[in-house]
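As the structure is a computational prediction, the values presented were derived from the model and not from experiment.
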Amino acid sequence: TRAAGGQPQSDVFYVKPTSRQVLLCAPQTRKLGESVVQHTRGVYLGNITWAKFPDGFPNIFVHDVDKLKGCHVTFLACFDSAGA
């Protein structure tokens with residue numbers, strides 16, 4: 001691929017334009033996220049597994065992360081408690 005001005009561009013930095021948007025939600029915001037997806041064209045709900053490490057800190061795993069390349073990703077968080 002070529003950048004502006006005809007210079008070669010590394011594929012590592014090239015992201016195809018896309019209108020696909022993925023919404024990732026904390027457990028406390030899941031219902032709100034589902035509502036956003038239901039009422040907003042072009043927004044899809046991503047899948048996250050939430051667990052805890054032995055010390056109690058959140059262990060977050062985003063599924064199908066390879067499918068997020070080139071997408072606009074929004075994370076709907078809740079900061080009321082790190083352990084919730």
Side-chain angles (χ1 to χ4, degrees):
T1 58
R2 297 210 175 260
Q7 296 297 320
Q9 180 178 2
S10 169
D11 287 337
V12 174
F13 299 106
Y14 179 72
V15 178
K16 287 196 306 188
T18 181
S19 60
R20 184 167 179 189
Q21 299 177 38
V22 178
L23 180 61
L24 301 174
C25 301
Q28 304 91 327
T29 63
R30 181 71 183 196
K31 285 185 181 180
L32 177 59
E34 290 171 352
S35 181
V36 168
V37 169
Q38 183 179 14
H39 293 93
T40 310
R41 184 182 308 150
V43 177
Y44 302 90
L45 198 57
N47 187 16
I48 300 178
T49 297
W50 293 79
K52 292 182 183 178
F53 288 107
D55 66 358
F57 197 79
N59 179 3
I60 304 166
F61 181 81
V62 179
H63 295 268
D64 301 318
V65 71
D66 55 316
K67 294 180 182 176
L68 299 179
K69 183 178 180 180
C71 295
H72 296 281
V73 178
T74 303
F75 180 70
L76 193 54
C78 179
F79 297 110
D80 66 346
S81 172

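Side-chain atoms of Y44 and R20, non-hydrogen and from C-beta on, do get closer than 4.5 Å to each other. Taking the side chain as every heavy atom from C-beta outward, L76 and L24 never approach each other to under 4.5 Å. With contacts defined as side-chain heavy-atom distances shorter than 4.5 Å, the pair Q21/V43 qualifies.
Considering every non-hydrogen atom in both A26 and A77, the closest pair reads CB-CA, 4.2 Å. The two residues T29 and C78 come nearest to each other via the heavy atoms CG2-CB, 4.1 Å. What you find for W50 and I48 is that their closest heavy atoms are NE1-CG2, 3.1 Å. Heavy atoms only, all atoms of each residue included: L45 and C25 are closest at CD1-SG, 3.7 Å.
Judged as a side chain to side chain contact (heavy atoms under 4.5 Å, CB included), and not counting sequence neighbours, the contacts of T49 are F61, H63.
Rounded to the nearest 0.5 angstrom, R30 CZ and E34 CD are separated by 5.0 Å. Here CG of L23 is found 12.5 Å from SG of C71. Values are rounded to the nearest 0.5 Å.
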